Each structure stands twice: as C-alpha cells, then as structure tokens.
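Scroll down for the structure; my scribbles are underneath it.
Remember, predicted model here, so these are calculated numbers, not experimental data. Start at 1 with the first residue, then count along the sequence.
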Amino acid sequence: MFRETDTNTQLSLFEDPVDFMGRRAAKKFDDPKSWFNQFFALVTSKVDESVFRPLFKEGNMGTPTASVRQLVSMMALKEGFGCSDEDLMEKCDYDLLTRKALGLRMHDEAPSLDTYYLFRRRICEYADRTGENLMETCFSSLTGLQAARFRISGKSVRMDSKLIGSNIAWYPRYELIHKTFLQEIGGYFDRLNPSLRKKVRPWLEENAKQTVYRSDAETIRQRLGALGRIIYAVLVRVKANDGLLKRVFEEQYAVEHGQVTPRDKKRIAADSVQNPNDPDAEYRQKGQQKVKGYSVNITETTDQKEDAPDLITGVQVEGATAADNAFYGEAIAKSEAATGEKVETVYSDGAYQNADNRAMEVNGVFTGIQGRQSRYLLDEGGVDTVRISDTQTGEVYEAKTTRGGALRIPHPKAGGRYKWRYFLPKQLESMRSRRLMEDIPPEEKNKRNNVEASIFQLCFHTRNNKTRYRGKRKHELWALARCMWINLRRLVLFQSKTAPEGPAGGQNGLISAILRLASSMKRSIGHLKLYFFDPAVARQWALAS
C-alpha cells in the first residue's frame, strides 16, 4: 500500500558534512535562513504526499520507489536553477546544498532519472484522464501552509497573464500536414489495401521542407490538394473516427460531394494544430508578438502590510487563444482555496473586464478597458435626468430612455436637421466602467503593476520566450514548479531582512549560546573522529607523539 516517507533527517555522529568544514562554511551550512535549509523547511518537508496516492495502484505498485516529496521538490529545484534534467541529477548526487534541500543524508540515494520521468508522466496521464492536476493540488496546499505561517493575507490579489511559446518548430501549412501524415500513417499502413499502399509510399519518401523551399506557390497548392486526397482515402479506408490525422484533415480541408479541397487560410481557426508534436499549442498574435503555445495566468497576494512577501496563489495554463477575462473567476477561486480567505479586492488590467466579471461579489479594480475610448461621456449624477456630453463638440444632451433600456440623444446633421443617436445597454455599461476607472486613485491602480515582476521571474529561464516543453500538462508542471521556487525565494529574502526576535541577553540569547556551544562540541568530536578513523592522520599523530 502507499506509504509516506519520513521527514526526519537527523544525521548520525559519523555522517555530518559540517565536521569536515571550516568554521565559516560550517556556520553557513547550518544557518536556518540559508536557502537550502529554508527549502527543506518550507517545501520538501511540507509536501503533502497523500495528494499523489491515486498515482500508485494497490498491489505490487502500491509503494513508491522513491520519496514523493523529494520528487516534487526536485521539480521545483530544476525550474529554480533553470538546468537540464541531467544537471539536476548531478546536483542531487554530488551537490551538498541541493542534497540538504531535499533532506538527503550522506548515505541516501537520490531518486533516479527514470523514477523522476515516470512520476512526471503519471501526473500528466492522470490529469488527462481525470482533469485534475495533482501537482496543482499540492501547490495550493503548500502555498496555504506558507501563507498561514507568515500570516500573509489573501483578501487582496492581483493577476496578469503571459503568452509563452511551446518548444516546437514553425511549419508552413504543407509541411505541417505532411509531417502529421508521416507521424500518424504508421498506425494505419497495415490496414490499407495494396493499391492504396502503393499511392502512399511516394509521400513517405518525400522531404516536405525541401519541397516547400524549391516549389512555387502554384506547385504547393497542387500538392496540398493531392496530399489531402490521399489522406481522405486513408481515413475512409480505415474508418477513422478520431485521431490527430483526422483532426488536421478536418481543420485544413473541406469535403463536398466526395471532392477534397484545401480550406482558405483565413477560415482556419487559431486553435487548430500548429505542430503534430504538440497538438495542444494554439496560435495567437498580440500586437507584434506572434506565439504558438499557451497563455499562463498568475494570481498573487498583495498584502497591505509593509515589506510583507507576496505569494503566488494560483496558476492557470490554457491555449494561447484563451481570453484573459476567462481566467478571472477561476483564478479567484484558486486563490481562496489556497489561502482559505475570501478575496475582497482584485487588481487587474482591462483585458480581464467584462459584464460577468464586473458583476462578481469582489471589488474589481481594473486599470483599463478594452476597446477605443468613446467620444461621449455619461453623466448619471442628476436626480431625474441623464446627460451625455460630446467631447468633440462640447455639447451636452439630455438623454431619453427607450423601451428597450437604451438611451438616445439628438445628433445634429447638416442643414440644421438632426437624427437620433442611440446608446445600447452594453455601450452604457462600458461608459459607466470607464467613468468608475477615472475615479480610482493612482496608488490603487499601481498595485497591479507589481505582478509583472512575477511574470518576469516566471519566464526568466526561457529562450526567445519559449519553454523546454511540449504539451499543456507539461507546461502546467513547469509553471507550478517555477512558482513554487518564486514563493520560496520571496520568503527567504523576507526572513533575511527581519531582525532576530528577542533581546540578545534574554531567553533567546541563552538558547543561541547553548546552540553555539553544542555546535562547537560537535566540531570538536568531528576532529576526534578524523584523528581516530583517518589512517594517515593517525600515523602522523603517532609519530609526533
């Protein structure tokens, strides 16, 4: 059956590395505020291993082959260091600070690379099967413990999103379809008749990249149609109802009366397959930025206390086409689940604003609103009248209410005539929102800006705004592990700035003196061990005496 690992890392008399260190190094190694000691105290020892119980079946596979809390911590360390998996394993085997952060004693074996990969794969498979990411549950529990320990309030939060690229190549349309065909045809080839196999083989020998490079637009258009007809014949022959090849075919081609034609580029959705190696990645252009990947949303606390650390309480990863306002409600729920406190105020930019989000029972401080600024301003300050002013002409109109709830004002035309200018309820709501934002003090608006530091740290180790990973689940693991590290670093810096509690001569001073005496005695015992158990030193000691 599933068994949790022991968090007791008490070292025996003969395996403490401090015994072989100088005074300065030993002091830092035992400093409770050092990042590695804090990592063990705030992350490794606090990981709730029972969260991952569903990954281990009853019977022969009921017991993990390695410590689950160490595997989770290794994921956080990897993203914290920004290193490769091989470098991580080397650090876990030979780096004393990393081993102490994981709670590994001198004789302990670090989890193997295969065990590490298997654990990650199980998390992703379980998330695909059930929709629940256990790493996210663990992150929420861990953040809740940290917030409670340091008394960090979750009543005020802020959020922002970032487009991040997947580790995939940008393929032209023909190359994308051809590579998907090559990747998927292996599962269908044996089920084809000899005649169809003969037609398929020339496509398997083609180099699509060279074809695109050497061919003009008309040639590519013809080959695109020919390849579509071959794919259609294969799908009809094997009666495929799903699969990546069928998805790409339906996104790229139209079939009418048995005739296959490529779709117009403008009619292909942005959430279509961008690369067969990462079917979850989506395309989005935001200003001058073009991304094939994902949108990552970060929610963090913004404590009112001075110098208090802000913890990331929620991470969401969706395809790049996901709108920011779709993250809003779930982000608030994740933050409340982590801190156990009701969110009262949310700071975000205008991309998170819509009618549903404005109607939520939180104080939404939006620093902007999407869309162009209207030339008309709404004034509802009167008792019985509503006025609308035209900023271009300076005219102020008394608005009339229609039966449908809209407002109308006389709009002047040439020749002294006029026509009615109508304002629909949706437009009025936008005008009210802009008016409310103008009344928000600048210091309140500026609170949202600090979340961009978290976005910067999240993507610190990316290259050209691309991660090392492919697939939505792996990007979720990356984002959660990276945010674990960011939270840890903030808590370490916060504690390094705080003064030790209590006067030097009081009870804490007495305890510190006792600890220093114990440490000194421990080093002395270590030197005696060196004399007695190191043969070379023992011989020198004997000759000297």
Might you confirm whether atom [atom1] of [X] has over 12 heavy atoms from other residues, nucleotides or ligands at distances under 6.0 Å?
{"X": "Lys155", "atom1": "NZ", "value": "no"}
{"X": "Lys100", "atom1": "NZ", "value": "yes"}
{"X": "Glu90", "atom1": "CD", "value": "no"}
{"X": "Gln289", "atom1": "CD", "value": "yes"}

Under 3.5 Å, side chain of [X] to main-chain N/O of [Y], donor-acceptor pair present?
{"X": "Thr321", "Y": "Asp271", "value": "no"}
{"X": "Arg263", "Y": "Tyr253", "value": "yes"}
{"X": "Glu49", "Y": "Val68", "value": "yes"}
{"X": "Gln146", "Y": "Leu42", "value": "yes"}
{"X": "Lys334", "Y": "Thr313", "value": "no"}
{"X": "Arg173", "Y": "Gln252", "value": "yes"}
{"X": "Thr180", "Y": "Leu176", "value": "yes"}

Checklist entry - Is any side-chain N of the basic residue among Glu300 and Arg158 closer than 4.0 Å to the acidic one's carboxylate O? => result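 So Glu300 pairs with Arg158 through a salt bridge.
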Checklist entry - Salt-bridged, Glu125 to Arg129, with N to O below 4.0 Å? => result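 Result for this pair is no, no salt bridge flagged.
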Checklist entry - Taking it one step at a time, do Arg53 and Asp48 satisfy salt bridge (Lys or Arg N to Asp or Glu O under 4.0 Å)? => result CA-CA 10 Å; Arg53 186 185 299 272; Asp48 185 5; over 6 Å; no
Next on the checklist: Taking the ring centre of each residue, are Phe52 and Phe119 less than 6.0 Å apart?
Outcome noted: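 Yes - the distance between ring centres of Phe52 and Phe119 falls below the 6.0 Å cut-off.
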Checklist entry - What about the rings of Phe36 and Phe40, do their centers lie closer together than 6.0 Å? => result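 Ring centres of Phe40 and Phe36 not closer than 6.0 Å.
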What class does the angle between the rings of [X] and [Y] fall in, given that below 30° is parallel, 30 to 60° is tilted and above 60° is perpendicular?
{"X": "Phe150", "Y": "Phe494", "result": "perpendicular"}
{"X": "Trp485", "Y": "Phe39", "result": "tilted"}
{"X": "His475", "Y": "Trp478", "result": "perpendicular"}

Nearest non-hydrogen partners of [X] and [Y], listed with the distance:
{"X": "Thr299", "Y": "Gln316", "value": "OG1-OE1, 4.4 Å"}
{"X": "Pro32", "Y": "Gln38", "value": "O-NE2, 2.7 Å"}
{"X": "Pro276", "Y": "Leu244", "value": "O-CD2, 3.8 Å"}
{"X": "Asp242", "Y": "Lys246", "value": "N-CD, 3.6 Å"}

Next on the checklist: To the nearest 0.5 Å, what is the distance between NZ on Lys342 and CD on Glu336?
Outcome noted: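 Atom-to-atom, Lys342:NZ and Glu336:CD are 4.5 Å apart.
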Checklist entry - Which distance, rounded to the nearest 0.5 Å, do you find between the CG of Asn325 and the CZ of Phe327? => result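 One finds 9.5 Å between CG of Asn325 and CZ of Phe327.
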Checklist entry - Do Lys472's NZ or CZ and the ring of Tyr294 fall within the cation-pi criteria of under 6.0 Å and 45°? => result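 Pair Lys472/Tyr294 does not count as cation-pi.
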Checklist entry - Should the pair Lys91 and Phe81 be classed as cation-pi, given the thresholds of under 6.0 Å to the six-membered ring centre and 45° from the axis? => result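 Because its charged atom sits under 6.0 Å from the ring centre and within 45° of the axis, Lys91 does stack over Phe81.
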Checklist entry - Hey, which of Asp310, Val346, Leu311 is the one that makes side chain to side chain contact (heavy atoms under 4.5 Å, CB included) with Val157? => result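 The residue from Asp310, Val346, Leu311 that satisfies side chain to side chain contact (heavy atoms under 4.5 Å, CB included) with Val157 turns out to be Val346.
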Checklist entry - When you look at Asn354 and Asp356, which way does the side chain to side chain donor-acceptor pair (under 3.5 Å) test go after all the steps? => result CA-CA 6 Å; Asn354 61 20; Asp356 293 335; 5.1 Å; no
